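Both counts, for ligands and for their atoms, begin at 1 and track the order of listing. Keep in mind the model is a prediction, meaning the values are calculated, not measured.
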Amino acid sequence: MLRKCNKLDMNYFLTNPVLMNHTPLLAEIKKTFLPGDEIFFIKAPGRVNLIGEHTDYNMGPVLPCAINKEIVFCIHPTDTAEIRVSNLYERYVNVHFSLKEVIEPFKKGHWGNYIKAGVKGIVDYLKSSAPHRITKWKGCDIIVSSTLPPAAGVSSSSALVVASALTFVEVNRLAISKKKIAEICAGAEHFVGTAGGGMDQAASLLGKENSFLNMEFNPLKIKPIKAPEGIRLVLFSSLIQAEKSGKLRKEYNRRVLECKMGMDAFNRYFKSTMGTAYTDINYIGEIKPENLNTDQGELDRVVGHFLDDLKLTYSIKEFLIKLDMSEQEFKHRYQHVLHGTDSFTEPPDGFKIKSRFKHVYSECRRVNQTVTCLRNNKLADLGLLINQSHDSLSMDYEVSTPEVDNLVNILRENGALGARIMGAGFGGMVLAYSDSSKMDFLIEQTKKKFYDKQNTENQTDLIIPCVTADGAGVL
Ligand code: GLA
């Protein structure tokens, strides 16, 4: 809804449940825009993922919720085909680009690439789906405010992509559903250099207060599940920044590749045992009884045999022999898997397809088991599943760090029924689950045993309660 700048005052901010946490925006609005300028606000929340880590790009299920911490854009639509963005936080430089030219990325790691990704995603979608409708794009001036801690595993980057895409849709009055925008944003974020899945963008757009979203991909399907009462979920910072566009990118992309290699090895193994009756499966998340015409017990048994048959690591050469593949075929196939996000290199310790496959296959099972727990309000096993998820992420997927493992152990020893690393990993936040009555004790002990032992002066957002929220939209 458009409002004139001079009609905004502190009262307007303080009476809006989202804007009330973004009051520094008001001064910036008065400084940036003219009194008669028309503006509107968009929010895009971050997400917490209860369980289902590194399953989304394998088309396996996830169980996230949108949270009450978000990015807010204050937007002034203009008649120019320019997008100009400033950020309340000085470390993020101003961004400016034109809609008249092909949108090229800034240098790798630049925060503005997330803004460009959202806009480019929508532009490219319309170019391919409705080229006749494209005449002239409208641009806008944007001020960004955020209550989401960056590089903490709560998807501040995807929230930026979502806010940017939604802004472009609103400014140009396009009719595209939120579900479609979620799918567009998932692909669009590859522009930043990470070959990620679709969980974060869909959670940010389609979140529902008091619900977790049981999500499946390809195509995107979402079933909201009521958040259980009587338990609390709290995020604890590991004090390690996990910048998705930085070092983490290579590690993340490596795992995307290893999973795809694992899937190819699985198909080959099955073809050799079942012959032509077997049809290739594309993703680990699609290895389900119904797709293989079998039951869960039998499937677990054959997947076990397949894993037993794999070595711990493979060089490219060894993998080529195993799959009877040419080097050229190999390069072509796996470069494609990375959506052109990264150059393809052999890790010094080899490709660990066995342990990566094991994590993803077992994590998909854990998501389904968690859904059953929540649906039947049988929460006793929830902590166990959360703990198993962390152990698998730490040992098989190798996305934890010694500091994170230490924090997880402290939480488990002081009353958490479950604790695990959340998001892409390599630092960021740890999610802990406990009875409501025990959470205060857990927080107090963790402060004493973890944070007091480290230099946490001037650090904010160390402990964040997970409060579910509705998804992105115009405020
Ligand atoms: C990041 C990615 C998601 C997902 C998680 C791990 O947040 O953006 O797509 O892969 O890591 O579960």
Side-chain angles (χ1 to χ4, degrees), residues 44-67 113-114 117-118 121 148-162 182-207 212-213 215-218 220 235 241-260 283-285 337-339 341-342 356 359-364 366-367 370 386 389-390 392-394 396-400 404 420-431:
R47 63 98 188 92
V48 159
N49 186 20
L50 184 57
I51 199 159
E53 226 60 91
H54 290 275
T55 48
D56 61 351
Y57 52 84
N58 289 296
M59 303 306 149
V62 291
L63 200 49
C65 63
I67 53 170
N113 282 337
Y114 291 102
L148 274 173
V154 284
S155 279
S156 55
S157 41
S158 298
L160 258 183
V161 177
V162 164
E183 284 174 334
I184 294 171
C185 285
E189 208 175 309
H190 296 158
F191 179 79
V192 181
T194 317
M199 163 172 70
D200 305 346
Q201 304 81 0
S204 180
L205 273 152
L206 300 157
F212 287 97
L213 307 176
M215 239 179 234
E216 285 177 33
F217 303 93
N218 200 25
L220 179 62
L235 300 173
Q241 296 255 309
E243 201 85 58
K244 211 181 183 184
S245 54
K247 187 175 132 240
L248 163 61
R249 194 190 76 242
K250 278 219 167 305
E251 288 296 337
Y252 186 100
N253 289 347
R254 166 184 173 174
R255 282 153 184 77
V256 175
L257 206 61
E258 287 171 321
C259 288
K260 197 66 185 164
Y283 298 98
I284 303 176
V337 167
L338 294 180
H339 311 283
T341 53
D342 222 336
R356 310 304 193 226
H359 165 73
V360 177
Y361 181 74
S362 62
E363 185 78 352
C364 292
R366 285 187 284 273
V367 177
T370 305
I386 289 176
S389 170
H390 179 81
S392 174
L393 285 161
S394 175
D396 287 331
Y397 223 64
E398 297 181 295
V399 290
S400 188
V404 171
R420 69 172 195 85
I421 189 163
M422 202 190 59
F426 301 99
M429 289 284 180
V430 167
L431 175 70

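- Among the atoms of Y57, none of the N or O lies under 3.5 angstrom from an N or O of ligand 1.
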Might you work through the side chain to side chain donor-acceptor pair (under 3.5 Å) test for E363 and S389, ending with a clear yes or no?
CA-CA 6 Å; E363 185 78 352; S389 170; 2.9 Å; yes
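- Distances between N or O atoms of Y252 and those of ligand 1 include at least one value under 3.5 Å.
- Taking any N or O of T55, backbone or side chain, none lies under 3.5 Å from an N or O belonging to ligand 1.
- By the criterion of a heavy-atom distance under 4.0 Å, the side chain of R47, and not its backbone, is placed next to ligand 1.
- Every atom of ligand 1 with a heavy atom of M199 under 4.0 Å away is listed here by number and element: 4 (C), 5 (C), 12 (O).
- Under the 30°/60° scheme for interplanar angles, the aromatic rings of H54 and Y397 are found to be tilted.
- For the side-chain hydrogen bond (donor to acceptor under 3.5 Å, both in side chains) test with S392, the passing option among R420, H359, E53 is H359; the others fail.
- Atom numbering of ligand 1 starts at 1 in the shown order; those under 4.0 Å from a heavy atom of G197 are 9 (O).
- The shortest N or O to N or O distance between S158 and ligand 1 is not under 3.5 Å.
- Close N/O approach between H54 and ligand 1 is found [any backbone or side-chain N/O within under 3.5 Å].
- No donor-acceptor pair under 3.5 Å is formed between the side chain of N49 and the backbone N or O of G423.
- In this structure, G423 has a heavy atom closer than 4.0 Å to ligand 1.
- Salt-bridge check for R255 with E258: failed, with every basic side-chain N at 4.0 Å or more from each acidic carboxylate O.
- Using a non-hydrogen distance threshold of 4.0 Å, Q201 does not register as a contact of ligand 1.
- Looking at ligand 1, you'll find an N or O of E53 within less than 3.5 Å of one of its N or O atoms.
- The backbone N or O of V192 lies less than 3.5 Å from no partner atom in the side chain of R249, so there is not a single donor-acceptor pair.
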Can you list the steps and then say if L148 with I67 is a side chain to side chain contact (heavy atoms under 4.5 Å, CB included)?
CA-CA 10 Å; L148 274 173; I67 53 170; 4.3 Å; yes
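- Contact atoms of ligand 1 toward D200: 1 (C), 2 (C), 3 (C), 7 (O), 8 (O) (distance under 4.0 Å to a heavy atom of the residue).
- In this structure, the side chains of H390 and V404 come closer than 4.5 Å at one or more pairs of heavy atoms.
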